[in-house]
Amino acid sequence: MAETPTGDGFTAEERAAMKQRAAELRTESKRSATAGKTGKERKAAADAADVLAKIAKMPDGDREMAERVHLIVTTLAPDLAPKLYYGMPGYARGGKALCFFRSGQMDKERYSTFGVSNLAALDTPDGFWPTSYALQDPSEEAWEHLGEVVRRAVT
């Protein structure tokens, strides 16, 4: 479970995630400022390396899930660019995260999460659809379902 909120209503983990996101935005700004025509490619490679480094630092269990999510997303949606999103692996279109993985162990939660942003094309006619999925020792059927979510989200 997350720690109790600080006086401002945020848990220590939430505050750390916000600080991480601010650092990501600063790094992104610096990379964009120095990017030329080939600079975009360098920035994309650096962003992808940041994601892989973050995955490599995750605790056992979450690392394997994050690696599987990374494989699924980069295979089924190669147009999405890996980049850190609130300190966790995210996959963006046009610089904005479309889907992401959050480590439950790193967030001190009981399960990890695969989520989508408001850019994901998951809207349903009834006006009710999920925006995140709990991951806790997913079965092959669950991984197939996650792949379907990715396919639908990018259309």
Side-chain angles (χ1 to χ4, degrees), residues 1-3 5 9-25 27-28 31-32 40-41 43-155:
M1 292 297 238
E3 294 178 17
F10 295 106
T11 65
E13 290 81 12
E14 290 167 333
R15 291 177 62 83
M18 288 186 285
K19 287 179 182 179
Q20 178 65 38
R21 183 64 180 143
E24 291 163 11
L25 292 172
T27 299
E28 188 174 306
R31 286 179 182 164
S32 294
K40 284 185 180 182
E41 293 167 356
K43 180 184 177 312
D47 286 345
D50 289 346
V51 166
L52 293 175
K54 179 54 108 175
I55 290 171
K57 291 179 185 175
M58 289 182 180
D60 291 345
D62 280 0
R63 183 179 56 254
E64 290 82 4
M65 284 192 291
E67 288 169 345
R68 184 82 181 258
V69 167
H70 183 77
L71 178 64
I72 290 169
V73 174
T74 57
T75 301
L76 298 178
D79 62 315
L80 296 182
K83 68 180 278 178
L84 291 178
Y85 181 67
Y86 289 95
M88 293 288 168
Y91 304 88
R93 178 182 286 151
K96 296 185 178 184
L98 186 131
C99 60
F100 56 89
F101 174 83
R102 293 213 52 89
S103 167
Q105 291 179 63
M106 293 177 81
D107 286 346
K108 298 181 181 167
E109 297 290 342
R110 73 179 181 94
Y111 55 82
S112 295
T113 306
F114 174 78
V116 297
S117 73
N118 62 347
L119 301 176
L122 296 177
D123 303 33
T124 60
D126 65 2
F128 183 76
W129 60 89
T131 59
S132 66
Y133 300 83
L135 292 173
Q136 190 177 50
D137 194 25
S139 65
E140 282 305 312
E141 183 180 348
W143 288 119
E144 289 172 20
H145 183 75
L146 189 141
E148 270 308 306
V149 170
V150 170
R151 281 187 196 92
R152 285 184 45 225
V154 297
T155 58

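Residue numbers start at 1 and run along the sequence shown. The structure displayed is predicted, hence computed values, not measured ones. Computed over heavy atoms, backbone and side chain alike; hydrogens, waters and symmetry mates excluded.
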For the CH2 atom of W143 and the CZ atom of F114, what is their distance to the nearest 0.5 Å?
9.5 Å
Nearest-0.5 Å distance that lies between atom OH in Y91 and atom CG in L76
12.0 Å
What's the shortest heavy-atom distance between P82 and H70, and which atoms?
CG-CE1, 4.1 Å
Could you state the interatomic distance from CD1 (I72) to CZ (R151), rounded to the nearest 0.5 Å?
9.0 Å
Quick check: closest heavy atoms across L71 and T74, and the distance to 0.1 Å?
O-OG1, 3.4 Å
With rounding to the nearest 0.5 angstrom, report the CD to CG distance, E141 to L146.
12.5 Å
Determine the minimum heavy-atom distance between D123 and A120, stating which atoms define it.
OD1-O, 3.8 Å
Donor-acceptor pair, D62 side chain versus Q105 backbone, under 3.5 Å?
yes
Determine whether a donor-acceptor pair (N or O, by modelled atom type, separation under 3.5 Å) exists between the side chain of R102 and the backbone of Y86.
yes
Counting only heavy atoms not in Y111, do more than 12 sit closer than 6.0 Å to its OH atom?
no
Residues K54, D50: salt bridge by 4.0 Å N-O rule
no
Considering only heavy atoms from C-beta outward, does the side chain of C99 approach that of V73 to under 4.5 Å?
yes
Looking only at heavy atoms, which two atoms of L122 and V149 are closest? And how far apart?
CD2-O, 3.9 Å
On a heavy-atom basis, the closest approach of G95 and A92 is C-CB, 4.0 Å
Hey, does the side chain of K83 reach the backbone of A97 with a donor-acceptor pair shorter than 3.5 angstrom?
no
Show the nearest heavy-atom pair for residues P89 and L84, with the distance to one decimal.
N-CD2, 4.4 Å
When you look at CG of D79, are more than 12 heavy atoms from neighbouring residues, nucleotides or ligands closer to it than 6.0 Å?
yes
Are R21 and E14 close enough for a salt bridge, meaning some N to O gap below 4.0 Å?
no
Could you tell me whether the side chain of S112 and the main chain of S103 form a donor-acceptor pair under 3.5 Å?
no
When you compare the side chain of D47 with that of V51, does any pair of heavy atoms fall below 4.5 Å?
no
Is the shortest heavy-atom distance from the side chain of M106 to the side chain of M88 under 4.5 Å?
yes
Looking at R93 and V154, would you say the former's side chain and the latter's main chain have a donor-acceptor pair under 3.5 Å?
yes
Go through the steps for T113 and D107 under the test side chain to side chain contact (heavy atoms under 4.5 Å, CB included), then give the verdict.
CA-CA 10 Å; T113 306; D107 286 346; over 6 Å; no
In Å, rounded to the nearest 0.5 Å, how long is the span from CG of L52 to CD of E67?
9.0 Å
One should read off an interatomic distance between M58 CE and E64 CD, to the nearest 0.5 angstrom, of 11.0 Å
